[in-house]
Amino acid sequence: MRTTGRHGNADYGYFFCRGVQDHTCDTPYSSINRVEDAIAEHYKTIRLSPAFVAAVRSHIESTLNDQAAAQQLLRKNLEDQLAQLTVKEDNLLDLAAAGSLPQDRIRQRLRDRQRVTEQLSQVHGDLSSGRAFLDAHLNLLDNFYELYVNASEATRRKLNQAIFAHVYVAHEEVIGDDIRSPLRELLAAARGWEALTAGATPEVARSTTQAATVQHSGPETPKAAPKGGLAEL
């Protein structure tokens with residue numbers, strides 16, 4: 001809701017719990033500005049460490065290089081098959097002209113050529129655009145907080161909608177969130193990776209990853225909120 005000051009020279013915005021209208025909740029109204037500050041501060045908790053980003057980028061680079069090599073090998077194989085089919089087709093046409101080859105045999109060879117041609121058209125040797133796409137996202141994920149606080153109001157709204165399914169607020173403090181996939185899984189992987197590189201066992205790192213996934217899936221129960229209620233934004 002929005003209200004104006006007593007003299008009509010100020011405009012104030014508030015969030016409030018729907019239960020207040022039903023007299024089932026005594027949560028005080030929350031200032032939009034203070035809630036916005038709390039959400040901006042909350043962005044600090046979803047930052048990926050530079051070391052993790054570097055590790056992910058390294059794995060992506062290695063994977064893409066392997067994939068590019070595999071694509072090139074597949075293309076070479078299909079081109080060789082196509083060349084062999086061309087030679088065979090020339091021989092078939094000679095036999096067909098002499099009337100000594102069944103028509104269904106010719107049609108089968110033509111279908112083979114079409115199949116190989118279609119497979120060849122689906123081979124993509126240049127993966128640079130995909131690499132650039134992933135790299136740009138890693139740059140954004142490197143520091144969500146800086147990105148958010150320096151963004152316009154419209155961009156902030158889009159970031160919130162893209163990142164969060166819900167943000168849970170009580171008494172003008174963020175007490176939990178529900179982060180959309182795949183960012184939720186990426187953050188969880190980062191926590192597990194950090195535990196592993198710090199010397200934790202694989203079992204502990206896996207438990208850390210699972211706990212982080214739950215952490216960013218919203219409060220387990222409404223009791224997680226401080227006394228007075230829970231607001232879901």
Side-chain angles (χ1 to χ4, degrees), residues 1-2 13-18 27 29-64 67 124 127-195 205-206 208-222 224-225 229-233:
M1 65 174 295
R2 304 198 73 87
Y14 297 92
F15 290 114
F16 64 91
C17 177
R18 179 66 178 81
T27 304
Y29 286 18
S30 298
S31 164
I32 285 180
N33 291 334
R34 286 195 288 272
V35 169
E36 170 62 25
D37 290 342
I39 291 176
E41 190 69 16
H42 184 63
Y43 266 77
K44 291 180 179 179
T45 69
I46 58 175
R47 178 178 181 178
L48 300 176
S49 71
F52 178 75
V53 172
V56 172
R57 184 175 282 116
S58 175
H59 282 295
I60 289 175
E61 188 71 19
S62 176
T63 300
L64 288 177
Q67 186 176 1
H124 302 288
L127 302 177
S128 58
S129 60
R131 180 185 283 106
F133 176 82
L134 292 171
D135 193 61
H137 277 71
L138 284 175
N139 288 334
L140 291 176
L141 295 174
D142 188 34
N143 195 334
F144 270 136
Y145 175 73
E146 292 294 334
L147 174 65
Y148 188 78
V149 297
N150 292 312
S152 66
E153 183 175 341
T155 301
R156 286 187 177 191
R157 180 179 180 83
K158 291 180 179 179
L159 284 171
N160 285 333
Q161 292 174 337
I163 295 168
F164 301 107
H166 303 97
V167 178
Y168 299 91
V169 176
H171 293 284
E172 300 175 346
E173 294 182 1
V174 176
I175 62 167
D177 58 31
D178 183 1
I179 295 182
R180 299 185 188 278
S181 293
L183 178 56
R184 180 196 303 166
E185 289 76 17
L186 186 59
L187 288 168
R191 302 301 171 258
W193 180 85
E194 289 165 358
R206 187 159 38 250
T208 301
T209 300
Q210 294 170 347
T213 301
V214 173
Q215 175 188 351
H216 293 295
S217 300
E220 293 184 8
T221 68
L230 175 71
E232 180 181 316
L233 303 179

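Positions are given from 1 along the sequence. What you see is a predicted model, and the numbers here were worked out from it, not measured in a lab.
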(request) Enumerate the residue pairs fulfilling salt bridge (Lys or Arg N to Asp or Glu O under 4.0 Å) with a member in residues 143-156, sequence neighbours excluded, ordered by first and then second residue. (result) Glu36-Arg156
(message) According to salt bridge (Lys or Arg N to Asp or Glu O under 4.0 Å), does anything in residues 47-62 pair up with another residue at least two apart or in another chain? List the pairs.
(response) Arg57-Asp135, Glu61-Arg131
Who passes side-chain hydrogen bond (donor to acceptor under 3.5 Å, both in side chains) against [X], sequence neighbours left out?
X      : answer
Arg184 : Asp178
Arg18  : Gln21, Asp22
Ser152 : Thr155
Ser62  : none

side-chain contact (heavy atoms from CB on, under 4.5 Å) with [X]: which residues, sequence neighbours excluded?
X      : result
Ala212 : Ala188, Arg191
Lys44  : Glu41, Tyr145
Val56  : Phe52, Ile60, Leu138
Ala40  : Tyr148, Val149

Once you round to the nearest 0.5 Å, how far does [atom1] of [X] lie from [atom2] of [Y]?
X      : Y      : atom1 : atom2 : answer
Thr45  : Phe144 : OG1   : CZ    : 10.5 Å
Arg34  : Asp37  : CZ    : CG    : 9.0 Å
Glu172 : Ile32  : CD    : CD1   : 11.0 Å
Gln215 : Ile179 : CD    : CD1   : 8.0 Å

If you take all heavy atoms of [X] and [Y], which pair is closest and at what distance?
X      : Y      : result
Ile46  : Leu187 : O-CD2, 3.3 Å
Ser30  : Val35  : CB-CG2, 3.8 Å
Ala205 : Ala195 : CA-CB, 4.2 Å

(request) Show your reasoning for whether side-chain contact (heavy atoms from CB on, under 4.5 Å) applies to Tyr168 and Val174. (result) CA-CA 6 Å; Tyr168 299 91; Val174 176; over 6 Å; no
(request) Mark yes or no for whether Ser58, through its side chain, and Ala54, through its backbone, hold a donor-acceptor pair below 3.5 Å. (result) no
(request) Would you check if Asn160 and Tyr43 make a side-chain contact, meaning some heavy-atom pair closer than 4.5 Å? (result)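 Yes, at least one pair of side-chain atoms sits under 4.5 Å.
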(request) Please name all residues satisfying salt bridge (Lys or Arg N to Asp or Glu O under 4.0 Å) with Arg180, sequence neighbours left out, ordered by chain then number. (result) none
(message) Under the rule for ring-ring contact (aromatic ring centres under 6.0 Å, His included), what residues qualify as partners of Tyr29, not counting sequence neighbours?
(response)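 Result, ring-ring contact (aromatic ring centres under 6.0 Å, His included) vs Tyr29: Phe16.
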